[in-house]
Amino acid sequence: MEERGFESLEFYQDSLKLVKAAYRLANSLPVYERYNLSDQLRRCACSIVLNIAEGYARYHYLDRLRFLYIARGSLGETVSAFIVAENVGYCTKEQLNWVIQLKEQIEKKLNGYCRFIRSQKQGRDEYGNKYIDD
């Protein structure tokens, strides 16, 4: 049986699309935005996929969830950066709408995965219930 990693998660693949869009927009911004909006767009978009990967690699379900929740926060931050870009005229309303639709798709699948992880409670027996209260 072939091992399926985080790369096979649909919301991870969708998040990579968002990273590409963020990098495209960041590269098109004026030079004076290089250390402000451009940098922030790249960092928050990358944070989504990096935290999904790190969470996937963690053993205990609460540790996994922590990184997935961080990824979800970075998803919101990325969309907010696109909203700022649209408001100041760096991207179109159509581009922003595409990002918002993709965000909703990612968020729905990510939330479902979080529910699945929480229901499995992997690692609970190994670490015991004495110190972990969920």
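The structure presented is a predicted model; accordingly, all values stated were derived computationally and were not measured. All values below were derived from every heavy atom in this structure, side-chain atoms included, with hydrogens, water molecules and symmetry-related copies excluded.
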(request) Walk me through it: do Leu37 and Tyr90 pass the test side-chain contact (heavy atoms from CB on, under 4.5 Å)? (result) CA-CA 10 Å; Leu37 189 56; Tyr90 294 148; 3.9 Å; yes

Between the main-chain N or O of [Y] and the side-chain N or O of [X], is there a donor-acceptor pair closer than 3.5 Å?
X	Y	result
Arg58	Asp63	no
Gln13	Glu7	yes
Ser80	Gly76	no
Ser8	Arg4	no
Ser47	Arg43	no

(message) Could you tell me if the side chain of Leu68 sits less than 4.5 Å from the side chain of Tyr56, heavy atoms only?
(response)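 Contact flag for Tyr56/Leu68 side chains = no.
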
(request) Evaluate the side-chain proximity of Ile83 to Leu96: yes if any heavy-atom separation is below 4.5 Å, no if none is. (result)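 The answer is yes, as the side chains (C-beta and beyond) meet within the 4.5 Å cut-off.
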
(request) For side-chain contact (heavy atoms from CB on, under 4.5 Å), just list the numbers for Gln95 and Phe82, CA-CA rounded to whole Å, side-chain angles, deciding distance to a tenth of an Å, and then say yes or no. (result) CA-CA 9 Å; Gln95 290 170 312; Phe82 273 92; 5.7 Å; no

Rounded to the nearest 0.5 Å, how far does [atom2] of [Y] lie from [atom1] of [X]?
X	Y	atom1	atom2	result
Leu29	Leu41	CG	CG	6.5 Å
Leu16	Asp14	CG	CG	9.0 Å
Ile106	Asn111	CD1	CG	11.5 Å
Glu104	Leu102	CD	CG	10.0 Å
Leu75	Cys44	CG	SG	9.5 Å
Tyr12	Leu110	OH	CG	13.5 Å

(request) State whether Tyr61 and Arg118 meet the cation-pi test: NZ (Lys) or CZ (Arg) under 6.0 Å from the six-membered ring centroid, and within 45° of the perpendicular axis. (result)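 No cation-pi geometry.
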
(message) Students often mix this up, so state it plainly: with edges at 30° and 60°, are the rings of Tyr113 and Phe11 parallel, tilted or perpendicular?
(response)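 Tyr113 and Phe11: tilted rings.
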
(message) Run the side-chain hydrogen bond (donor to acceptor under 3.5 Å, both in side chains) test against Lys103 and tell me which residues pass, sequence neighbours left out.
(response)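 Here the qualifying residues are Glu107.
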
Is it true that [X] and [Y] fall in one hydrophobic cluster, defined by side-chain heavy atoms closer than 4.5 Å?
X	Y	value
Val79	Val84	yes
Leu9	Ile70	no
Phe116	Phe67	no

(request) Over all heavy atoms of both residues, which pair between Ala45 and Thr78 is shortest? Give the atoms and the distance, please. (result)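 Between these two residues, the closest heavy atoms are N-OG1, 3.3 Å.
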
(request) Identify the heavy atoms of Cys114 and Tyr69 that sit nearest to each other, and give their distance. (result)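 Between these two residues, the closest heavy atoms are SG-CE2, 3.8 Å.
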
(request) For the residue pair Glu77 and Gln40, confirm or rule out a side-chain donor-acceptor distance under 3.5 Å. (result)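 A pair is found: one side chain offers a donor N or O, the other an acceptor, under 3.5 Å apart.
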
(request) Assess whether side-chain contact (heavy atoms from CB on, under 4.5 Å) is satisfied between Lys93 and Glu86, documenting all intermediate values. (result) CA-CA 6 Å; Lys93 189 70 169 169; Glu86 192 272 333; 3.8 Å; yes

Which atom pairs, donor and acceptor, lie under 3.5 Å between side-chain atoms of residues 17-28 and protein residues at least two apart or in another chain?
| unit_1 | atom_1 | unit_2 | atom_2 | d |
| --- | --- | --- | --- | --- |
| Asn27 | OD1 | Arg42 | NH2 | 2.6 |
| Asn27 | ND2 | Tyr23 | O | 3.2 |
| Ser28 | OG | Leu25 | O | 2.8 |

(request) Evaluate the criterion salt bridge (charged side-chain N to carboxylate O under 4.0 Å, His left out) for residue pair Asp39 and Arg34; output intermediate values, then yes/no. (result) CA-CA 6 Å; Asp39 184 53; Arg34 175 182 287 163; over 6 Å; no

